[in-house]
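Let me begin by presenting the structure, written as structure tokens, before commenting on it.
In what follows, every chain begins at residue 1, and chains take the letters A, B, ... in the order their sequences are listed. In what follows, every heavy atom counts, from backbone to side chain, and hydrogens, waters and symmetry copies are set aside.
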Number of protein chains: 4
Amino acid sequence: MGVAAMTAATSTRTTPGTGRDRRPRRVLPAEVRTDHLMSAAAELFIEKGLDATTVDDIVAKAGVAKGTFYHYFATKADVLLALRARFSQDFTSRAAVAIEAVPQGDHRARFVAWLRAAVATYVANFRLHDVVFHDFTHDRRRSQEKDMVIDQLSQLLSAGQQAGAWDLPDARAAALILFDGMHGVVDDAIAAGRLDPEPLCSTLEQMLGRMLVR
Amino acid sequence: MGVAAMTAATSTRTTPGTGRDRRPRRVLPAEVRTDHLMSAAAELFIEKGLDATTVDDIVAKAGVAKGTFYHYFATKADVLLALRARFSQDFTSRAAVAIEAVPQGDHRARFVAWLRAAVATYVANFRLHDVVFHDFTHDRRRSQEKDMVIDQLSQLLSAGQQAGAWDLPDARAAALILFDGMHGVVDDAIAAGRLDPEPLCSTLEQMLGRMLVR
Amino acid sequence: MGVAAMTAATSTRTTPGTGRDRRPRRVLPAEVRTDHLMSAAAELFIEKGLDATTVDDIVAKAGVAKGTFYHYFATKADVLLALRARFSQDFTSRAAVAIEAVPQGDHRARFVAWLRAAVATYVANFRLHDVVFHDFTHDRRRSQEKDMVIDQLSQLLSAGQQAGAWDLPDARAAALILFDGMHGVVDDAIAAGRLDPEPLCSTLEQMLGRMLVR
Amino acid sequence: MGVAAMTAATSTRTTPGTGRDRRPRRVLPAEVRTDHLMSAAAELFIEKGLDATTVDDIVAKAGVAKGTFYHYFATKADVLLALRARFSQDFTSRAAVAIEAVPQGDHRARFVAWLRAAVATYVANFRLHDVVFHDFTHDRRRSQEKDMVIDQLSQLLSAGQQAGAWDLPDARAAALILFDGMHGVVDDAIAAGRLDPEPLCSTLEQMLGRMLVR
DNA sequence: AATGAATGAGCGTTCATTCAT
DNA sequence: CATGAATGAACGCTCATTCAT
């Protein structure tokens, strides 16, 4: 490092405390702490990215000491895993609620309900989605999380199939096309700034609906 | 170089070439060197991942000094960018060749040609694909690279549309569904170890073909 | 930490404390650690120069891990800043003590006290001085540090002025001439190996004293 | 390096030429080349500092290839040395011219001429001065360059001494005080943005003149 | 449980200098 | 003379994780 360069920049780092003004030690229920930490991490992951977010950042935002983080999560990667599980759980739940609101027999309407819930949930949470599913590679691509969603949709499609609502050669393949096709169209819209789910839903309904024919 | 070091009697910097076991200096055309470096990087990225691959690994594999790497790429990220461009170029070229091999007027067949080329190329190169497209986020999701591919397919679809081969409300949306649907199905197959493109192609042809109706 | 590394089965990052020959972890008061690090840095800066001293050198000498250095200083340049502040503080304090030892009314004697303290302190610490003030440029030449010293001397001169001990058109300019003139003569003596402050003091007393006339 | 961080930045580095558009080889007189290189270096040193200026920067500015630099200077430090010599030469010459313009016998006026020339030259070139004299340490403080200037002034003072114009116990010490005192006052003015030499000269004339008494 | 000082392997990048052409 | 590709030692800084208190 050159001399000139050295003193040009002035540091902003504060000298570590001399031990006086310590944070008061607060004991909190484990669930609350876990939740605080996960939320802090989620916000930071979204804001600055996974790698750019340090454990220091997380604990600073959560207002706890570094060691506390490691009481609740074995590694930094574990928070991500927890967030991912939570995300999928939420996604599937919302879709389930939407589907249940439709009469059992109307398979087409149930598919539309799924589609609309999926689009709405995805548009609303794509930033977190990006973060928690960022590091999927083929090794782990068929993850438990994606499988949860695909299975849900597959079952819906299979039910319609058995009821004669449509005729699909491969329910899983169909589910994958519907799910990933939806993703693709919504991603494109997001990238273009079109965040209103409505037009996306009608386009998708029309296009994807064609696949569900007898 | 530090100021103090500069005017001190003896520089602290070791003169390159003082050691015994020096690498023989080989001057190579820029293109060749670039290519060597990119290939070495690609193999390593696939083998151990992006982050786990160090620049040292790359230059060791390419058989050059570290500085040589930085002679051709400003940062490690740049190699990735270059690989990405090369990948997309290759993908599009192969698809184009396949399409051109089909008579102009047969739009359905041209689509199938695209599909088969896409599946084949993807299955053959998914590992590199995973690496070079790993860090796409919504900020840059609508990338130049994906757009190249989507545009190619959109044009194919639009041509068929104008010729009355099918009737699509939105060619770009259709292209996205076809492309991402294809990806989803192939990814699932890859994850399951079904690497033979043939069955994938027929399923996809059947399912996706349904969207292309009058 | 890289994304790929994170969710891979085994992290590539070596867990600290895996090795055999680990340094025993010693927790020390922040002030003590800071002081150790600063002293180690000062000695090395003097010995081998600023640039030639690496952070590795400093931590080796201080007997701590590298990370510990960065726990207390944001950058290498920060230690220099801290040393500079400490140096000026010390210089001013010594001069103040010497001045206070002289009766309030004897302004001439107070100036001589300042001069002798300044020469003595400078001769005793010029090596550290050289290091910490090495990279002053006009941009920051009028630094807080030099200003502390100049202000102290200016005030002494102004007090004498008001008491009618001498007549100066510009106290600050006078302070600068006295201070920098002192520096120049002492530097020349140091360069020539004449490190005894006594002859320097008498020459300076005589020469500089001429400026302090009614 | 993290994945997210990697592609966030886009490189600006141009791929090295493929060998076509090479610079035309121009053979120039050695002196001209030397001069071009020194001037380019000087501007860059002033602009971005010594360390921050790379040999690449210099050759880019001078419009020559890197190897050419090493034809004319053995090391980067050598350019600085050359600039320093040139600077001192210039300083002494200007002072000499100013002194010679004054009648031999008028020693007081000769000193004033020196002072005014020195202030004017220094104010006009302090940026280059800062750069070329930046890395003076006590080891080399009594440099050939400073000695040239001090000797010149010492001789002027000794001549006045012998002629009975003033009475100084130590001509060299006096020269040092005058020179460094001048520096200190001018530096302070520069730092404060007072770049007009006139007021500086009168203050200095008055203050420093007091030392030159019988 | 909670704290935060301490650890240290690791990596990307720089750049003066060399030398084949 | 001139060129610019090639070299490689060096270094500052990061940050997940540990553990004494």
Side-chain angles (χ1 to χ4, degrees), chain A residues 1 16-17 19 22-23 25-28 30 33 51 54-57 59 64-71 74-77, chain B residues 1 6 11-19 22-23 25-30 33 51 54-56 59 64-72 74-77, chain C residues 1 5-6 11-19 22-30 33 51 54-56 59 64-72 74-77, chain D residues 1-2 16-17 19 22-28 30 33 51 54-57 59 64-71 74-77:
Chain A
M1 173 196 260
R22 304 272 288 265
R23 172 201 323 290
R25 176 187 288 225
R26 292 222 35 197
V27 180
L28 246 50
R33 270 282 142 83
D51 292 334
T54 66
V55 174
D56 271 304
D57 291 336
V59 298
V64 297
K66 210 166 183 177
T68 306
F69 177 90
Y70 285 94
H71 270 297
T75 68
K76 181 182 165 186
Chain B
M1 176 200 256
M6 271 182 65
S11 169
T12 47
R13 187 180 286 256
T14 312
T15 304
T18 294
R22 294 184 43 221
R23 176 199 317 289
R25 186 180 287 222
R26 294 242 17 218
V27 179
L28 245 49
R33 266 286 137 79
D51 292 332
T54 68
V55 175
D56 272 307
V59 298
V64 296
K66 212 165 182 178
T68 305
F69 177 90
Y70 285 96
H71 195 66
Y72 291 98
T75 66
K76 181 182 164 185
Chain C
M1 176 200 256
M6 270 183 66
S11 170
T12 47
R13 188 180 286 256
T14 312
T15 303
T18 294
R22 296 185 41 221
R23 175 200 316 290
R25 186 180 287 223
R26 295 240 17 217
V27 179
L28 245 50
R33 267 284 138 78
D51 292 332
T54 69
V55 175
D56 273 308
V59 297
V64 297
K66 211 167 185 177
T68 305
F69 177 89
Y70 285 97
H71 195 67
Y72 291 98
T75 66
K76 182 181 164 186
Chain D
M1 175 199 259
R22 304 273 287 266
R23 172 202 323 291
R25 177 187 286 224
R26 291 223 34 196
V27 180
L28 247 50
R33 270 282 143 82
D51 292 333
T54 67
V55 174
D56 272 304
D57 291 335
V59 298
V64 297
K66 211 167 183 178
T68 305
F69 177 91
Y70 286 94
H71 269 298
T75 68
K76 181 181 164 186

Quick check for you: among [options], whose closest atom lies nearest to any side-chain atom of [X]?
X	options	value
C:Arg25	E:dT7, E:dT3, F:dA16	E:dT7
C:Val27	E:dT13, F:dG12, E:dA6	E:dA6
B:Thr68	E:dT17, F:dT7, E:dA2	F:dT7
A:Ala65	E:dT13, E:dG4, F:dT7	E:dG4
C:Val55	E:dT13, E:dA6, F:dG12	F:dG12

Atom-to-atom span, [atom1] of [X] to [atom2] of [N] - whole angstrom:
X	N	atom1	atom2	value
C:Lys66	E:dG10	NZ	C1'	9 Å
D:Phe69	E:dT18	CZ	C1'	14 Å
B:Asp51	E:dC11	CG	P	10 Å
A:His71	F:dT21	NE2	C1'	12 Å
B:Asp56	E:dA9	CG	C1'	14 Å

5' priority, DNA chain F, between A:Tyr70 and B:Leu28 [closest heavy atom]
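Mapping each residue to its closest nucleotide by heavy atoms, the 5'-most match is B:Leu28.
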Mapping B:Arg26 and C:Thr54 to their closest nucleotides on DNA chain F, which lands nearer the 5' end?
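Looking at DNA chain F, the more 5' nearest nucleotide goes with B:Arg26.
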Just jot down the ring pair (Phe, Tyr, Trp, His ring centres under 6.0 Å) partners of A:Tyr70, sequence neighbours excluded, or say none.
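With sequence neighbours excluded, A:Tyr70 shows a ring pair (Phe, Tyr, Trp, His ring centres under 6.0 Å) to no residue whatsoever.
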Which atoms form the tightest heavy-atom contact between D:Val59 and D:Phe69, and what is the distance?
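Residues D:Val59 and D:Phe69, closest heavy atoms: CG1-CB, 3.6 Å.
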Between B:Gly67 and D:Gly67, just flag the one whose closest nucleotide in DNA chain E comes earlier from the 5' side.
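In this pair, the answer is B:Gly67.
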Can you see if the side chain of B:Arg33 gets near the phosphate of F:dA5 - specifically, an N or O under 4.0 Å from OP1 or OP2?
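Result: no.
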If the helix axis at each end comes from five base pairs, how far does the helix from E:dA2-F:dT21 to E:dT21-F:dA2 deviate from straight, to 10°?
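Helix axis angle between the two ends: 0°.
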So, using side chain to side chain contact (heavy atoms under 4.5 Å, CB included) as the criterion, who are the partners of C:Thr68 when residues are at least two apart?
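Result, side chain to side chain contact (heavy atoms under 4.5 Å, CB included) vs C:Thr68: C:Arg33, C:Val64, C:Ala65, C:Tyr72.
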